[in-house]
Amino acid sequence: MQSSTCPTRRGRALACASVVFLGLAVGCTSESDGPGGPAGPHASTSSPATPRPNPSGAEAHAEKQLGRQAQEALGTVDISDDPRFVEAGLERVGDGFHSVPDLPRGKAFDLAVVCTGSGKITLSIASKTTVRRTVDCDGVPFRHPFTAPAGKLRIDAGALPGATGMVAWRVDRAAAQ
């Protein structure tokens, strides 16, 4: 005779399937060191609005090369000994990026953003006022000095139609003057 607290075979199978599905769902949303992974120990991460399929071998190779080019342009390949470094990140152009760095109010910083590939991205730097720029995906860094506001600073980038490649950003403390 079965007790009402013991699951049936079918119930156990459903419970196991639920656990497996939950494990797969959690595993698929974890961070990686792929193209959108950290650029270093203080790298910022961002989450794309919609999950993207894994690129093909040729696309992945091209992304890796464009990502390396972007990191080299910003000097984020090796940041271990840079005392000015605050945060950095690397994402697919189509995914864009969103960062809200925690910065001490009134201190001077430098933002550098570079897009490698083709097309253009929009860049928005928002606090009390918003600075908007269009940045070409030509591998040339766009630089913007700023003073950290009293409130939150939000940095966003998104692809314009047809843009492809990789986008990287870096925030540093401003050099002493």
Side-chain angles (χ1 to χ4, degrees), residues 29-52 54-55 59-127 130-149 151-160 163-177:
T29 60
S30 66
E31 296 293 327
S32 72
D33 289 334
H42 302 287
S44 173
T45 58
S46 61
S47 299
T50 57
R52 296 188 41 113
N54 287 335
E59 290 171 331
H61 181 70
E63 282 182 351
K64 187 174 181 177
Q65 285 182 317
L66 291 171
R68 181 80 175 175
Q69 181 183 349
Q71 289 177 312
E72 287 172 355
L74 295 183
T76 57
V77 174
D78 182 17
I79 51 172
S80 60
D81 62 347
D82 190 344
R84 294 180 46 222
F85 176 77
V86 176
E87 77 169 27
L90 174 68
E91 296 291 339
R92 290 181 183 106
V93 166
D95 293 342
F97 75 84
H98 314 284
S99 179
V100 183
D102 186 20
L103 305 171
R105 177 180 146 183
K107 300 291 181 181
F109 294 89
D110 293 312
L111 169 67
V113 176
V114 67
C115 182
T116 56
S118 63
K120 298 178 183 203
I121 61 168
T122 59
L123 176 65
S124 173
I125 305 157
S127 58
T130 301
V131 174
R132 286 189 173 83
R133 295 284 186 265
T134 299
V135 177
D136 290 320
C137 293
D138 58 4
V140 177
F142 166 78
R143 300 190 186 280
H144 179 74
F146 67 93
T147 300
K152 294 283 184 184
L153 174 76
R154 183 170 171 95
I155 306 166
D156 296 293
L160 289 174
T164 61
M166 301 297 286
V167 60
W169 75 97
R170 178 179 178 148
V171 176
D172 288 302
R173 290 173 193 83
Q177 299 175 6

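Numbers here simply count residues along the sequence, with the first being 1. Keep in mind that the numbers below use all heavy atoms, side chains included, and drop hydrogens, waters and symmetry copies.
Taking OG1 of T76 as the start and CD of E87 as the end, the distance is 12.0 Å to the nearest 0.5 Å. In this structure, CD in E91 is found 8.5 Å from NE2 in H98, a value given to the nearest 0.5 Å. Distance check: R133 CZ to H144 NE2 gives 7.5 Å after rounding to the nearest 0.5 Å.
Here the shortest heavy-atom pairing between L66 and G117 reads CD2-N, 3.9 Å. Closest non-hydrogen pair, G139 versus Q69, comes out as CA-NE2, 4.4 Å. The minimum heavy-atom distance between A163 and V93, with the atom names listed, is CB-CG1, 3.8 Å. Counting all heavy atoms, side chain and backbone alike, L90 lies closest to A168 at CD1-CB, 3.9 Å. When all heavy atoms of D110 and A174 are compared, the pair lying nearest together is OD2-CA, 3.5 Å. A pairwise comparison of heavy atoms in P141 and A73 identifies CG-O, 3.8 Å as the closest pair.
For the pair R170 and D172, the minimum side-chain heavy-atom distance is below 4.5 Å. Between F146 and L103 the shortest side-chain heavy-atom distance falls below 4.5 Å. Side-chain contact between E63 and R92 is present, with at least one heavy-atom pair separated by less than 4.5 Å. Within the 4.5 Å cutoff, side-chain heavy atoms of R173 are placed close to those of V86. Contact annotation: the side chain of C115 never approaches that of W169 to less than 4.5 Å [non-hydrogen atoms, C-beta and beyond]. Using a 4.5 Å heavy-atom threshold, the side chains of E72 and R68 count as touching. Residues I121 and C137 have side chains in contact (heavy-atom distance under 4.5 Å, counting atoms from C-beta outward). Residues L111 and I125 meet the side-chain proximity criterion, which asks for heavy atoms closer than 4.5 Å.
No side-chain N or O of T122 forms a donor-acceptor pair with one of T134 less than 3.5 Å apart.
For S127 (side chain) and P149 (main-chain N/O), no donor-acceptor pair under 3.5 Å exists by modelled atom type. Listed for the D136 side chain is no donor-acceptor partner under 3.5 Å among the backbone atoms of D138.
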Dump the intermediate steps for side chain to side chain contact (heavy atoms under 4.5 Å, CB included) on I155 and F97, then the final yes or no. CA-CA 8 Å; I155 306 166; F97 75 84; 3.6 Å; yes
Check the pair V135 / L123 against side chain to side chain contact (heavy atoms under 4.5 Å, CB included), numbers first and verdict last. CA-CA 7 Å; V135 177; L123 176 65; 4.2 Å; yes
